[in-house]
Structure formats: structure tokens, C-alpha cells
Enquirer: 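Sharing a structure here in C-alpha cells format.
Numbers for residues simply follow the sequence, beginning at 1.
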Amino acid sequence: MRYKTILAAAMLVLTAGIAQARTSVWDGVYSDAQATRGQTLYMQSCARCHGADLSGTFEIPPLVGRFMPYWSGSTLDALFDYVSSAMPLDHPGALGAGANADILAFILQSNAIPSGAKELGTGNLKIINFDSAKPRRAQK
């Protein structure tokens, strides 16, 4: 009986881990309120280089359009870590984690990635896949 209990607990942990590994940016990982805060922060700290419409310039990469495939296949923590350590260009790392999460929410929203009920936090970014297109879900 004890063996069955241990096996059941192990399967539960494994199943939970698999479910977490399948989280996508398309699953509503940020809130509209967070993206609104992020837009304000973006305009203050990022727009002068990346443009108010996030289209970039000849020298500065866009944060919409071809931006999506560039980050596709990574997890959201890779983008967050880059933004946190390299941006803004004139003062890298100047913004705090909360501000960077808000800006990231605005960037996701600007790329037509749907919002959800919860705000994007910094503790779960490694389990959120950055998919450039909405993943197809298996039929039950």
C-alpha cells in the first residue's frame, strides 16, 4: 500500500511538472493593468530608441513583428534577463524587476499576445515558453 502511495505522489509531481512546462505566452501570462503600467514605463525609458510604436530604427531592433520569431523557442526568462541587464542602453540595469516585468507585459500586448487575469511575475518566467505563434493544443 505504501508503494502505491509513493507512486501516486510521484505521478502527481511529474504531471504537475509537465503541465507547467507547457505554459506559453499565449496562455494569458500578464494582465491588462500591468501592460498599461508597462506602456508608461516604456514611453519613459525605451521609446526614444525603439520608437513609440515599438518599430525600432535601422540600428535599433523592433519589438514587434520580426521580434517574435527572434525570441521564439526560448523561455520568457531569457528575454526578461536581457532586458533587465542590457536596457535601457544608456543606463543598463537601471530599472527594477517589477518595472521590467511591466514593460515586458506591454511588449507582449503590442505583439497581440492575449492578456489574462494574473500579472506577469519574475518567479515563473522559466516555465513560460516564448512561442511566436499560438501553439496547437492536443485534443482531449
Side-chain angles (χ1 to χ4, degrees):
M1 182 69 168
R2 181 167 185 211
Y3 174 74
K4 288 183 181 180
T5 303
I6 293 171
L7 183 60
M11 291 300 290
L12 183 61
V13 169
L14 179 61
T15 303
I18 291 170
Q20 283 187 332
R22 295 189 181 184
T23 300
S24 171
V25 292
W26 295 91
D27 293 332
V29 297
Y30 70 92
S31 72
D32 286 330
Q34 184 177 29
T36 298
R37 288 193 314 269
Q39 181 178 18
T40 301
L41 292 165
Y42 174 88
M43 292 303 177
Q44 293 169 351
S45 302
C46 313
R48 67 181 171 269
C49 293
H50 290 280
D53 62 355
L54 291 83
S55 64
T57 66
F58 179 71
E59 299 169 340
I60 305 295
L63 300 177
V64 292
R66 67 183 171 105
F67 163 82
M68 292 292 291
Y70 182 80
W71 288 96
S72 187
S74 64
T75 53
L76 208 48
D77 69 312
L79 177 57
F80 180 83
D81 290 346
Y82 177 74
V83 169
S84 296
S85 62
M87 297 292 136
L89 194 57
D90 62 346
H91 202 134
L95 302 175
N100 286 319
D102 291 351
I103 291 169
L104 191 51
F106 173 63
I107 292 170
L108 294 174
Q109 183 183 62
S110 298
N111 282 278
I113 295 174
S115 62
K118 293 183 178 182
E119 294 202 349
L120 182 65
T122 58
N124 65 343
L125 298 174
K126 290 182 180 190
I127 64 165
I128 302 173
N129 293 327
F130 194 99
D131 302 307
S132 62
K134 187 174 183 176
R136 292 175 47 188
R137 301 292 185 199
Q139 298 284 332
K140 288 185 179 183

Enquirer: Does Leu63 share a hydrophobic cluster with Leu89, counting links as ILVMFWY side-chain heavy atoms below 4.5 Å and allowing steps through other members?
Expert: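 Not linked; separate clusters.
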Enquirer: Assess the residue pair Leu108 and Leu76 against the criterion (side-chain contact (heavy atoms from CB on, under 4.5 Å)); give the C-alpha distance rounded to whole Å, side-chain angles, the decisive distance to 0.1 Å, and a yes or no.
Expert: CA-CA 10 Å; Leu108 294 174; Leu76 208 48; 4.3 Å; yes
Enquirer: Quick check for you: to the nearest 0.5 Å, what is the distance between Lys134 atom NZ and Asp27 atom CG?
Expert: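 With rounding to 0.5 Å, NZ (Lys134) is 8.0 Å from CG (Asp27).
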Enquirer: Do Leu54 and Tyr42 come close enough that some side-chain heavy atom pair is under 4.5 Å?
Expert: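 Yes. Closest side-chain heavy atoms under 4.5 Å.
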Enquirer: Partners of Thr75 by side chain to side chain donor-acceptor pair (under 3.5 Å), sequence neighbours excluded?
Expert: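 For Thr75 the side chain to side chain donor-acceptor pair (under 3.5 Å) partners, ignoring immediate neighbours, are Asp77.
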Enquirer: Taking the side chain as everything from C-beta on, heavy atoms only, tell me whether Leu120 gets closer than 4.5 Å to Leu125.
Expert: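 Leu120 vs Leu125: side chains touch.
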Enquirer: What's the spacing between Leu95 CG and Leu41 CG if we round to 0.5 Å?
Expert: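 Rounded to the nearest 0.5 Å, the CG-CG separation comes to 7.0 Å.
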Enquirer: Which heavy atom of Val64 sits nearest a heavy atom of Ser110, and at what distance?
Expert: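 Scanning both residues completely, I find the closest heavy atoms to be CG1-O, 3.7 Å.
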Enquirer: Hydrophobic clusters here meaning ILVMFWY residues chained together by side-chain heavy-atom distances under 4.5 Å, can you tell me if Tyr70 and Ile60 are in one?
Expert: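 Unlinked, Tyr70 and Ile60 end up in two clusters.
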Enquirer: With sequence neighbours excluded, what pairs up with Pro135 under the side chain to side chain contact (heavy atoms under 4.5 Å, CB included) test?
Expert: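 Only Ser24, Trp26, Asp131, Arg137 meet the side chain to side chain contact (heavy atoms under 4.5 Å, CB included) criterion with Pro135.
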Enquirer: Only pairs at least two apart or in different chains count here, so list each side-chain hydrogen bond (donor to acceptor under 3.5 Å, both in side chains) that has a residue in residues 79-89.
Expert: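 Applying side-chain hydrogen bond (donor to acceptor under 3.5 Å, both in side chains) to every pair that reaches into residues 79-89, excluding sequence neighbours, yields Ser84-Asn100.
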Enquirer: Enumerate the residue pairs fulfilling side-chain hydrogen bond (donor to acceptor under 3.5 Å, both in side chains) with a member in residues 52-63, sequence neighbours excluded, ordered by first and then second residue.
Expert: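 Applying side-chain hydrogen bond (donor to acceptor under 3.5 Å, both in side chains) to every pair that reaches into residues 52-63, excluding sequence neighbours, yields Asp53-Ser55.
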Enquirer: Which residues pass the side chain to side chain donor-acceptor pair (under 3.5 Å) test with Ser72, sequence neighbours left out?
Expert: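 Partners of Ser72 by the side chain to side chain donor-acceptor pair (under 3.5 Å) criterion, ordered by chain and then number, come out as Ser132.
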Enquirer: With salt bridge (charged side-chain N to carboxylate O under 4.0 Å, His left out) as the rule and sequence neighbours excluded, what pairs involving residues 31-48 come up?
Expert: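 Residue pairs with at least one partner in residues 31-48: Arg37-Asp102, Arg37-Glu119, Arg48-Asp90.
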Enquirer: Applying ring-ring contact (aromatic ring centres under 6.0 Å, His included), can you list everything that pairs with Tyr30, at least two apart in sequence or on another chain?
Expert: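 Counting only residues at least two positions away or on another chain, Tyr30 forms no ring-ring contact (aromatic ring centres under 6.0 Å, His included).
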Enquirer: Side chains of Thr23 and Asn124: closer than 4.5 Å at any heavy-atom pair?
Expert: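 Result no, sub-4.5 Å side-chain heavy-atom pair not found.
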Enquirer: Does Ser74 have any side chain to side chain contact (heavy atoms under 4.5 Å, CB included) partners at least two apart in sequence or in another chain, and if so, which?
Expert: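 Per chain and number, Ser74 pairs via side chain to side chain contact (heavy atoms under 4.5 Å, CB included) with Trp71, Ala78, Phe130.
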Enquirer: Quick check for you: to the nearest 0.5 Å, what is the distance between Ser45 atom OG and Met87 atom CE?
Expert: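 Nearest 0.5 Å value for the OG-CE distance: 12.0 Å.
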Enquirer: Look up atom CD in Gln39 and atom CD1 in Ile107, then write down how far apart they are to the nearest 0.5 Å.
Expert: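 Nearest 0.5 Å value for the CD-CD1 distance: 12.0 Å.
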Enquirer: Ignoring hydrogens, what is the shortest heavy-atom contact between Ser115 and Ser31? Give both atom names and the distance.
Expert: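 Here Ser115 and Ser31 meet closest at CB-C, 4.1 Å.
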Enquirer: Would you list the pairs meeting salt bridge (charged side-chain N to carboxylate O under 4.0 Å, His left out) in which at least one residue belongs to residues 60-71, sequence neighbours left out?
Expert: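 Qualifying pairs, neighbours excluded: none.
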